[in-house]
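I have placed the structure first, in the form of structure tokens, so that the comments after it can refer back to it.
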Amino acid sequence: MHVTGTVPPPAPAPQDTHGGPAHPGDTPDGGGRRTRRFGLPVATALVMGNIIGGGIFLLPASIAPYGTISLLAFGVLTVGAVALALVFGRLAERDPRTGGPYVYAREAFGDFAGFLAAWAYWITTWVSNAALAVAAVGYLDVLIPVGEHRWTACLAALVIQWLPALANYAGTRYVGAVQVVSTVLKLVPLVLVAVGGLFFFDAGNLGPFQASGESAMGAVSAAAAILLFSYLGVESAAVSAGEVRDARRTVGRATVIGTAGAAVVYLLGTLAVFGTVAHDRLVESGAPFSDAVNGMFGGAWGGWTVAVAALVSMTGCLNGWTLLSAQTSYAAAKDGLFPAPLARKRRGVPTAGVGVTVLLASLLTVYNYAFGTARVFETLVLVTTFTATVPYLLATAAQLFHLVSGRRERVDRGRLVRDLVVASVAAAFSLWLVAGAGYQAVYQGVLFLFGGVLVYAVMAARKQRTAAGTVSR
């Protein structure tokens with residue numbers, strides 16, 4: 001239902017959605033300068049880099065208590081994540097504008113649905129950035145003792161947040177470079193463990209198939225609840241579609257390749273750790289990849305290696321999520337649903353959006369260290385697991401809306417059945433994400449969404465007043 005009037009469908013976008021730059025791959029920014037746009041490698045790195053964060057370095061130990069049956073949960077979730085990736089690819093092919101889920105929800109259902117998608121996603125990004133920075137300090141402490149004093153740790157967390165923000169301020173060319181380099185560097189040790197683990201694999205280390213004593217379905221569901229959010233980030237290329245070269249083709253390919261690549265790394269890396277670290281030891285491990293490296297090659301250098309890899313991984317995530325946060329608020333601001341300053345761009349990057357993102361994440365980080373409210377901070381992080389699913393559900397709903405509406409210009413009849421099946425699987429996956437977030441996270445997340453309704457009321461009223469003033473003149 002349209003709250004503030006219908007939203008006209010976008011005109012078919014040309015291959016270059018920025019007005020035809022003089023050189024392929026370049027686009028003018030707000031100041032008339034040319035900025036480099038993302039190709040397939042950078043777009044794929046953005047997806048993989050945002051999916052694979054620091055959590056993978058603890059993931060094997062987190063699911064080990066359920067036994068090797070947890071690997072089945074990986075398989076089920078991978079199918080759902082790839083289905084969601086395919087949906088984003090189809091939506092981006094139809095509407096290759098910056099904003100991703102926001103654009104799809106608004107075009108299908110109107111301003112209010114688009115605002116909810118943008119609001120929920122925006123909250124997810126900056127709260128997650130604060131969480132990533134705080135977690136990164138733990139890995140930094142392995143290399144440099146910064147955790148002994150809380151304000152030293154706080155300063156380190158702030159530096160870790162602001163460095164990727166500065167890369168964003170430098171422009172899309174540097175954002176892409178940081179993303180590619182960080183993705184490659186993080187994959188090297190993960191692939192090393194995944195491939196090396198094949199030569200040191202010992203089936204005796206796997207432990208029982210079901211270690212939790214639950215039913216098979218209960219064990220898979222419990223493990224899935226931990227793994228569900230490992231795939232957040234599949235929408236990364238779609239959110240930045242306006243900065244992607246030949247977005248109609250590239251976004252879909254980058255999303256599927258990046259998601260599938262992350263799934264392979266997750267699955268092989270976890271399997272390798274399962275086969276190289278004894279099960280009873282893995283259950284108690286605080287650094288499973290370090291234990292795996294030490295077990296394969298001897299010595300105690302695994303901890304340093306994994307700490308460096310984790311820091312690189314999290315820095316790359318912060319780089320990508322900062323851009324996505326700014327791009328989402330930029331798209332909504334262009335339509336009058338977020339404050340106008342967020343619609344400013346420089347060198348292809350919404351600079352005001354980057355500043356607001358890093359400022360809010362920094363304030364939340366300082367609050368965490370100042371008051372020692374780890375419990376409140378953890379609750380906020382859990383909330384993001386719910387808020388991230390809101391744009392997913394709205395995007396899959398938009399795809400189903402287009403498929404069922406029967407509008408020939410928006411539906412490929414030859415792929416209708418396949419697209420319906422894929423969209424249905426993606427919708428089920430998104431609902432599973434909501435269920436996995438837990439009652440407390442859903443409750444708190446709904447409060448965040450209702451707070452956004454008040455913001456929407458103000459912005460919609462201002463937009464209507466501006467439109468009325470324009471008509472009267």
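Keep in mind that the numbers below use all heavy atoms, side chains included, and drop hydrogens, waters and symmetry copies.
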### Check against side-chain contact (heavy atoms from CB on, under 4.5 Å), T328 and F338
CA-CA 10 Å; T328 300; F338 270 35; 5.8 Å; no

All N/O donor-acceptor pairs, side-chain side in residues 112-125, below 3.5 Å, sequence neighbours left out:
unit_1 : atom_1 : unit_2 : atom_2 : d
W119   : NE1    : F448   : O      : 3.0
Y121   : OH     : E235   : OE2    : 2.4
T124   : OG1    : A120   : O      : 2.9
T124   : OG1    : T387   : OG1    : 2.6
T124   : OG1    : A388   : N      : 3.2
T125   : OG1    : Y121   : O      : 3.4
T125   : OG1    : W122   : O      : 2.7
T125   : OG1    : S325   : OG     : 2.9

### Query
Can you list the residues that meet the side-chain hydrogen bond (donor to acceptor under 3.5 Å, both in side chains) rule with Y104, with sequence neighbours excluded?
none

### Query
Less than 4.5 Å apart, any side-chain heavy atom of W126 and any of V356?
no

### Task
Assess the side chains of W162 and S362: does a donor N or O sit below 3.5 Å from an acceptor N or O?
yes

### Query
So do the side chains of K334 and K345 get within less than 4.5 Å of each other, counting heavy atoms only?
no

### Message
I'd like to know whether V134 forms a side-chain contact (heavy atoms from CB on, under 4.5 Å) with Y369, so could you lay out the CA-CA distance, the side-chain angles of the two residues, the decisive distance to 0.1 Å, and finally the verdict.
### Response
CA-CA 9 Å; V134 171; Y369 281 106; 3.9 Å; yes

### Query
What are the two closest heavy atoms between E107 and D95, and how far apart are they?
CG-OD2, 4.1 Å

### Query
Can you name the closest pair of heavy atoms from I51 and A262 and give their distance?
CG2-CB, 3.7 Å

### M48 to G261 - nearest heavy-atom pair and separation
CE-C, 3.7 Å

### Query
If we only count heavy atoms from C-beta on, is the N129 to V358 side-chain gap below 4.5 Å?
no

### Query
Taking C-beta and beyond as the side chain, do Y102 and Y330 meet within less than 4.5 Å on heavy atoms?
no

### Query
Just how far is it from atom CG of D111 to atom CG of L337, taken to the nearest 0.5 Å?
4.5 Å

## Note on the structure
Heavy atoms of S329 and A326 approach each other most closely as OG-O, 3.0 Å

### Query
Do you know the tightest heavy-atom contact between L71 and L271?
CD1-CD1, 3.7 Å

### Message
What verdict does the side-chain contact (heavy atoms from CB on, under 4.5 Å) test give for T78 and Y266, after you've listed the backbone C-alpha separation in whole Å, the side-chain angles of each residue and the deciding distance to 0.1 Å?
### Response
CA-CA 10 Å; T78 298; Y266 277 152; over 6 Å; no

